[in-house]
There are 2 protein chains.
Amino acid sequence: MARRESGHVTLSDVARACELSVSTVSIVLSEAPLSRHVAESTRQRIRTMARRMGYHPDAYARSLRRRRTQTIGVLAFDMSDPFCIPVIRGIEDALQPANYFSLLVNAQTQRKLFDSYLRMILERRAEGVIVIASWVFEEANLLADIEKNHVPIVIVGRDLTARRIPSVLVDNEAGGALALRHLHALGHRRIAVIRGPDEMFDSEPRWTGIQRAATETGIRLDSRLVFQLPNRVDPRSGFDGGLQLTRDMLAVGRDFTAVLAFDDLTALGVVRGLSDAGLRVPEDCSVVGFDDILPAALSTPGLTTIRQPLREMGLLATQRMLKALDETSASGLRKAGLHMLEPELVVRNSSSIAAARSGSNGRGARH
Amino acid sequence: MARRESGHVTLSDVARACELSVSTVSIVLSEAPLSRHVAESTRQRIRTMARRMGYHPDAYARSLRRRRTQTIGVLAFDMSDPFCIPVIRGIEDALQPANYFSLLVNAQTQRKLFDSYLRMILERRAEGVIVIASWVFEEANLLADIEKNHVPIVIVGRDLTARRIPSVLVDNEAGGALALRHLHALGHRRIAVIRGPDEMFDSEPRWTGIQRAATETGIRLDSRLVFQLPNRVDPRSGFDGGLQLTRDMLAVGRDFTAVLAFDDLTALGVVRGLSDAGLRVPEDCSVVGFDDILPAALSTPGLTTIRQPLREMGLLATQRMLKALDETSASGLRKAGLHMLEPELVVRNSSSIAAARSGSNGRGARH
DNA sequence: TGCTGGACTTCAAACGTTTGAATGGTATAT
DNA sequence: ATATACCATTCAAACGTTTGAAGTCCAGCA
């Protein structure tokens, strides 16, 4: 039953082997200030012995005593979502030089897991928590317990400043506008739009941006060309949604020259739907996505998309976290700022100048 | 400097509030056997008080005392590799019911990080380590320190049974053979093969399987159609490698009707290369990948590939780990078995019957 | 009256560290 | 000779838990 019995080498093991006290060994191995006073020869002896015995300090004992864990909890709402990976990477890259470790957990889109992992993060005494979630989830008791224990929190992918939580996200509205303007500039006028599901935070602002840009460029968005994705369960559902909606559109003979999809996964589904119907992308129909996740760059044609600076978002969130931790020691003050990053249009090959067709949607065989 | 000062609620805080001793509160909240003897009314009182104060037991103190951490270290060689995600998912799914947590870290393909994270895992007293790496890395001192501390280890994606490490991986040789047979069955005879880089463990066995199947089906593998990817640095390099080699092949006018790529990323690069040259997949050239990572299913045409049962591999590795942990308490015995899972051919739309062309590689405009 | 045996609760030691204070030296300054 | 300073090392308490052993209280019984 006992796992660590006679397992790990401890300080006192090393001390006994060196015939010195535990204190001396600790002082030397942890490079405490006092170690200046320890004879160089002794230091050498201790260090080589420790290495030889395979000693590694027990982080549990150490953290207990030091009252520091050097840990930031990172709670991803769904790690299978390609969106997460670069964010996590950014977080790690920022944590590294600050000598912090991430305690990374994956809620797998499950509310229950989300709660239980949050509890776990609290129990492991993470000094702060970064939540990655563009999902609209119920955050009430999430906050309660975290705040009761004075653990600072930052969220990536959602605006929770209304709840006094510092938030880092892309300017979705600007992104939506960017996408529509791009299609407008290519001459597209009949543009189908696939809006995101209700439960995604990004859905609304992107749609707002699209509408704004449409008004500004004088494009009329035909309500028969505006669709909405159902709520998703796994990363694939965006793809399936895009595929299905495209099939539906084509089945009833809707007339459009471009599709503006909620995100890249949806866009890839659209491409598949068009292709299945014998339409070429971008010759017969342009497609634009959003996010710039890995598969967008790997597909053929490469997907034109609105890039979220995901890694930067992770970096930024972490920097804010670390700063908050520093300030905590001085004052408990926390300003729940909103940090919005600019999206960027990435033009690849899924969008091109609108064909000079008018009434037809260009349906037809490929060859 | 001190972070947790006056931060977290402790047992003695709760005890004071309840006007009971720390012991009683501990016994109740941790549901120890002794709690049977505590009056129901007292239990209620303690529990509600704990909840109201937002108490969460300190995992550090608890683990220190219990000498159990309920933690398995999961060391991914490169989490950006889509290969990892399903494996990790499998690990989590298996850990969950056993009431273990994963300590997930990402070496980002860097040797230095790999070592430092391994040390971290050891310091955090993970009861076992699962390494996810199909990379061929130098594992000498990895082993040394881990073994000195009697921490069981399992590796996913590589055969390290020669080092007495239990290994879980797909039968790459069978997979390679499966891929070649598939193309053979479709009538392909001139097949280009892109072998994996030296530093990937899978490269060799897949190539062996391909050769074996070629011999058995009577296909002659033209050495001018066999290429090898350079060593990679990030997940994109597979794609770039496939793209570049395809360009090269086409530039010198090589004659082939199908490409068997090392993995899906490479295959997607090949598709792009063919498409750029005006060749259609699968009409003019079939492409087969390996792994069945997410982007393979999302691209158009859907990629025909050899599926690795990644989630199952994670599950299996974890089950072996948990079993090893149980046995450790009884005997220190460890049998370093090799567990090979069967790959599966997934036919999508990037492969089709070979065109009845002979001397030409079907080069030409698309329309 | 004293004794037994629950029912309920607490004591105190331990887990492996860190660290302020203390120790016993030896050399130099007063 | 005593004080001062410094060097090299150790003591002992603490961090927040858990848990075997040890109370305390009271009812019931001889």
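Quick note on labels: first sequence line is chain A, next is B, and so on, each numbered from 1.
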Taking only the side-chain heavy atoms of [X] (C-beta and beyond), determine which of [options] contains the nearest atom.
X: B/Leu11; options: C/dC15, D/dT18, C/dT10; value: D/dT18
X: A/Val22; options: C/dT17, D/dC15, C/dT19; value: C/dT17
X: B/Thr24; options: D/dC15, C/dT9, D/dT10; value: C/dT9

message = Looking only at side-chain N and O atoms, does B/Thr24 offer a donor or acceptor that is under 3.5 Å from a partner on B/Ser21?
response =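 There is such a pair (donor and acceptor under 3.5 Å, judged by atom type) between the side chains of B/Ser21 and B/Thr24.
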inquiry  = Is it true that B/Thr71 and A/Arg124 share a donor-acceptor pair across their side chains at a distance under 3.5 Å?
reply    =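 Yes.
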In whole angstroms, how far is the [atom2] atom of [N] from the [atom1] atom of [X]?
X: B/Asp13; N: D/dG16; atom1: CG; atom2: C1'; result: 10 Å
X: B/Arg36; N: C/dG6; atom1: CZ; atom2: C1'; result: 12 Å
X: A/Glu31; N: C/dT19; atom1: CD; atom2: P; result: 13 Å
X: B/Arg16; N: D/dT17; atom1: CZ; atom2: P; result: 12 Å
X: A/Leu64; N: C/dA14; atom1: CG; atom2: C1'; result: 12 Å
X: A/Arg43; N: D/dT9; atom1: CZ; atom2: C1'; result: 13 Å
X: B/His37; N: C/dG6; atom1: NE2; atom2: P; result: 11 Å
X: B/Ile27; N: D/dA21; atom1: CD1; atom2: C1'; result: 12 Å

Can you find a side chain N or O atom of [X] that sits less than 4.0 Å from OP1 or OP2 on [N]?
X: B/Thr42; N: C/dC8; result: no
X: B/Arg62; N: D/dT18; result: yes
X: B/Arg66; N: D/dT18; result: yes
X: B/Tyr60; N: D/dT18; result: no

query = Considering only heavy atoms from C-beta outward, does the side chain of A/Leu169 approach that of A/Arg158 to under 4.5 Å?
reply =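 When only atoms from C-beta onward are counted, A/Arg158 and A/Leu169 do not touch, as no gap falls below 4.5 Å.
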query = Which is true for A/Ser26 with a 4.0 Å heavy-atom rule: it touches a base, it touches only sugar-phosphate, or it touches nothing?
reply =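 The answer is base, as A/Ser26 lies within the cut-off (heavy atoms under 4.0 Å) of a base atom.
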ask   = Across the strands shown, which category fits B/Leu20 at heavy-atom distances under 4.0 angstrom: base, sugar-phosphate, nothing?
value =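 The answer is sugar-phosphate, as B/Leu20 gets under 4.0 Å only of primed atoms, P, OP1 or OP2.
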task = Could you tell me whether the side chain of A/Arg65 has a donor or acceptor atom within less than 3.5 Å of a complementary atom in the base of C/dT18?
result =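 Yes, the side chain and the base share a sub-3.5 Å donor-acceptor pair.
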inquiry  = Looking at B/Ser23 and C/dA12, is any side-chain donor or acceptor paired with a base atom of the opposite kind under 3.5 Å?
reply    =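 Under the 3.5 Å cut-off, the side chain and the base do form a donor-acceptor pair.
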Toward the 5' end of DNA chain C, by each residue's nearest nucleotide, B/Ala61 or B/Leu34 =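 Final value for this comparison: B/Leu34.
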ask   = For A/Glu127 and A/Gln70, which heavy atoms make the closest approach, and how far apart are they?
value =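 Nearest pair, atom of A/Glu127 first, then A/Gln70: OE2-N, 2.8 Å.
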inquiry  = Any carboxylate oxygen within less than 4.0 angstrom of a Lys/Arg side-chain nitrogen, looking at B/Asp58 and B/Arg62?
reply    =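 Result for this pair is no, no salt bridge flagged.
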